[in-house]
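Some notes on the structure that comes next.
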Amino acid sequence: MDDFLAARSQMALSLGFHIVFSCIGMVMPFFMAVSHYKWLRTDNELYKNLTKAWSKGVAIFFATGAVSGTMLSFELGLLWPKFMEHAGPIFGMPFSLEGTAFFIEAIALGFFLYGWNKLNKWFHWFTGMVVGVSGLASGILVVAANAWMNSPAGFDFVDGKYLNIDPIQAMFNKAWFSQALHMCLAAFTATGFAVAGVHALMILRNKNKAFHFKAFKIAAVFACIGALLQPLSGDISAKDVAKRQPAKLAAMEALYKTEKPAPLLIGGIVNEQEKTVTAAIKIPGALSFLAHGDFDAEVKGLDQIPENEHPPVAITHYAFQVMVGIGTLLMIISLIYFFNLARKGSILNKRWLLKLFVLAIPLGYIALEAGWTVTEVGRQPWIIYGIMRTADAVTPMPGIAYSFYIFSAIYLSLSGVVAFLLYRQIKMVPYVYDKTAEPDINHK
Amino acid sequence: MEYVVITFLCLGILLYFLLGGADFGAGIIELFTSAKNRSRTRKTMYHAIGPVWEANHMWLIIAIVILFVGFPHIYTTMSVYLHIPLLIMLIGIIARGTAFVFRHYDAIKDDMHWLYNRIFRYSSFITPLFLGIIAGSVISGHIDTNANDFLSAYVFSWLNWFSVSVGLFTVSLCGFLAAIYLIGETDDGHDKRRFIKKAEYMNIAAVIFGAMVFIAAAIDKIPLIDWVFKNPVGLSAIVLASLSLILLWYLLLKGKTKVLRILAGFQVSMILLAISYAHFPNFIRLKNGDTISLFNTLGPEKTIYSLGLALLLGSVLILPFLGYLFYKFQKKEE
């Protein structure tokens with residue numbers, strides 16, 4: 001493994017890991033706060049216990065997200081020093097604000113976790129909300145920093161020098177809004193489905209049904225709203241990418257030739273040598289509409305982009321297909337769920353619907369990782385789009401492969417331990433959180 | 001505005017050293033506690049640092065963000081030439097941070113704890129050791145930007161007697177801070193005596209390793225003695241630290257635990273001040289004699305201005321909230 005590939009793999013691995021953990025850490029506090037609110041309002045002990053059970057999950061994910069985030073703030077320099085030397089002062093603004101948000105989150109978490117019986121109950125609830133809001137804010141800020149790499153702004157690039165730096169303008173670059181919106185909705189959808197799915201599984205096994213049903217409902221509502229809104233934000237993103245990064249859009253759809261009107265490809269096998277796609281379903285004009293809001297518009301293909309600036313087409317295309325495919329599936333599940341709610345049907349009698357939610361446990365995260373792959377791989381070969389190439393930013397230190405192996409082992413074992421801990425949390429529900437459970441309660 | 005940014009950078013490093021250091025130290029104390037007392041030490045420790053645990057580690061983030069936004073050349077020079085110790089320190093941070101939370105939130109108490117505890121204790125030792133090694137390397141003049149071979153560029157930059165001595169000195173200071181802190185966190189006379197003993201040992205260790213730092217500096221021709229003693233600030237900082245140490249041991253006998261913490265924190269701050277004052281504003285000393293200072297690597301004006309503003313705004317939000325956290329979870333003293 002050469003050093004450049006090792007550095008890229010290590011960065012991909014660290015981000016891929018961090019993204020899952022921080023999304024859960026960012027979204028679960030909201031579930032927790034809803035359940036907490038319901039407890040304060042209804043005095044139902046189950047909600048209190050649910051809040052406590054979820055808060056353990058939040059603590060575990062916050063810690064893992066925090067250490068992997070700390071890791072990343074160093075890795076940027078350890079792996080890409082030439083990038084950070086120039087980019088740091090330009091895109092540092094969202095990072096410095098994120099530091100504040102993250103700090104507030106950590107303090108609020110201290111209050112929340114250790115504040116039971118010590119704080120005024122509404123202040124205690126408020127600290128839980130602060131955990132969620134500041135977590136969300138730091139997520140948005142970090143994505144704004146990433147968006148700058150896709151849409152560099154706030155400086156003039158003259159003869160290889162970065163002049164007239166304006167960090168505020170860099171933060172509010174053209175991509176920040178669409179990327180942040182898409183990411184936040186993805187976080188809510190993925191985490192919502194994962195949490196709802198775990199509780200659905202417990203309901204299907206007839207364990208502490210009342211407890212798990214309360215949990216399921218809160219998570220499922222967040223998940224389904226997220227899944228139904230996501231296509232809208234996806235549309236904003238697609239139009240934005242078409243304008244700013246035509247190479248990325250062309251790679252997403254494996255559009256090797258400029259076409260007018262351009263069809264939307266579903267599936268297909270990409271041959272990067274021959275620059276062809278076979279076995280895809282084509283929807284005429286749909287890509288033109290998606291990219292430019294007009295069924296007849298011309299869409300720029302890879303033939304109009306110099307070959308040495310092509311992103312890896314196959315990976316980007318497949319990742320995009322996976323993301324859209326799963327997104328559609330989750331949207332359908334959401335529609336069925338809301339239809340069922342509107343008809344006042346009890347989901348507890350619809351085991352097939354619960355099974356669909358169980359199936360969706362990993363799906364949201366697969367879509368999230370796929371979407372992130374589209375954003376990052378689709379930007380290659382640039383680390384700062386159109387300005388600096390990734391290959392020119394890598395550290396001069398040799399032997400990065402070893403550090404990649406070490407971190408792969410660390411991240412794999414951490415993921416294993418976290419899964420193991422959650423399994424043990426769930427196993428303990430009947431003993432810690434819901435001792436009075438009756439074997440079969442039919443709640444709506 | 002650059003002074004605001006530099007002040008926050010120094011404050012971030014100092015507070016990470018004091019608060020994060022006390023956390024590291026708690027793990028070090030656990031490492032050097034006999035097996036039969038460990039669970040008691042652990043309990044006291046959770047009680048004391050659980051609520052502020054996550055917040056203590058944010059100071060590192062603040063410092064690192066200030067460095068890469070405001071002083072990118074310093075950040076990248078360290079990232080390239082101190083890659084290996086930074087990596088080891090990070091592995092330590094990951095291992096410690098997760099092991100601490102995992103062992104606390106694991107719903108079932110069984111053999112897994114054997115593993116969490118071991119990871120926590122050893123990484124509590126390794127992390128400050130490498131933190132100290134990094135700090136030592138930055139000022140030691142071993143970083144060689146003209147080196148052509150792997151060993152002199154990426155290994156000898158930090159693997160030398162001076163850096164390692166600073167690392168060990170850091171470990172003993174962290175242990176000392178934690179022991180002093182824990183004395184006030186227990187009502188049990190037996191535990192109190194144990195923590196006092198630990199504080200004494202750590203104090204002795206700090207003196208020995210501190211001497212080692214000076215010896216190593218003399219061997220490596222690092223003008224540490226000049227930095228510390230040849231200026232009024234450094235000299236008086238050392239005198240104040242020594243005087244307050246005497247006061248600390250006197251008050252310890254009287255059982256005044258709150259003041260002890262302030263004194264211990266004061267001593268460590270004075271030691272940091274003494275070492276860094278004459279060196280300031282130089283940050284990295286290179287082998288060829290050049291220095292990278294805070295001023296000659298300052299980021300562009302607008303960046304520094306907005307960074308300073310962000311820090312001021314952040315501190316208005318953070319400090320009262322953080323102060324209340326410490327206050328609220330402070331053990332009541334009779």
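We name chains A, B, ... by the order of the sequence lines, and we start the count at 1 in each one.
- Only the side chain of A:F420 comes within contact range of chain B, with heavy atoms under 4.5 Å apart.
- For a residue to count as touching a neighbouring chain, one of its non-hydrogen atoms must lie under 4.5 Å from one of that chain's; by this rule B:F68 touches chain A with backbone and side chain alike.
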What verdict does the side-chain contact (heavy atoms from CB on, under 4.5 Å) test give for B:F321 and A:F111, after you've listed the backbone C-alpha separation in whole Å, the side-chain angles of each residue and the deciding distance to 0.1 Å? CA-CA 10 Å; B:F321 208 28; A:F111 273 116; 3.7 Å; yes
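- Only the side chain of A:L113 comes within contact range of chain B, judged by heavy atoms closer than 4.5 Å.
- Close approach to chain A, defined as a heavy atom under 4.5 Å from one of its heavy atoms, is seen in B:M89, B:L90, B:I91, B:I93, B:I94 of residues 88-96 of chain B, taken by number.
- At a threshold of 4.5 Å between non-hydrogen side-chain atoms, the residues B:T98 and A:L414 count as touching.
- Residue A:A87 does not touch chain B at all, counting heavy-atom pairs closer than 4.5 Å.
- A:I406 touches chain B through its side chain: at least one heavy atom from C-beta onward sits under 4.5 Å away, while N, CA, C and O do not.
- Only the side chain of A:I410 comes within less than 4.5 Å of a heavy atom of chain B; its backbone N, CA, C and O stay farther away.
- The part of A:I400 that comes within reach of chain B is its side chain, from C-beta onward, which places non-hydrogen atoms under 4.5 angstrom from that chain.
- Only the side chain of A:F407 comes within contact range of chain B, judged by heavy atoms closer than 4.5 Å.
- Contacts between residues 75-87 of chain B and chain A, defined by a heavy-atom separation under 4.5 Å, are made by B:Y75, B:T76, B:S79, B:V80, B:H83, B:I84, B:L86, B:L87.
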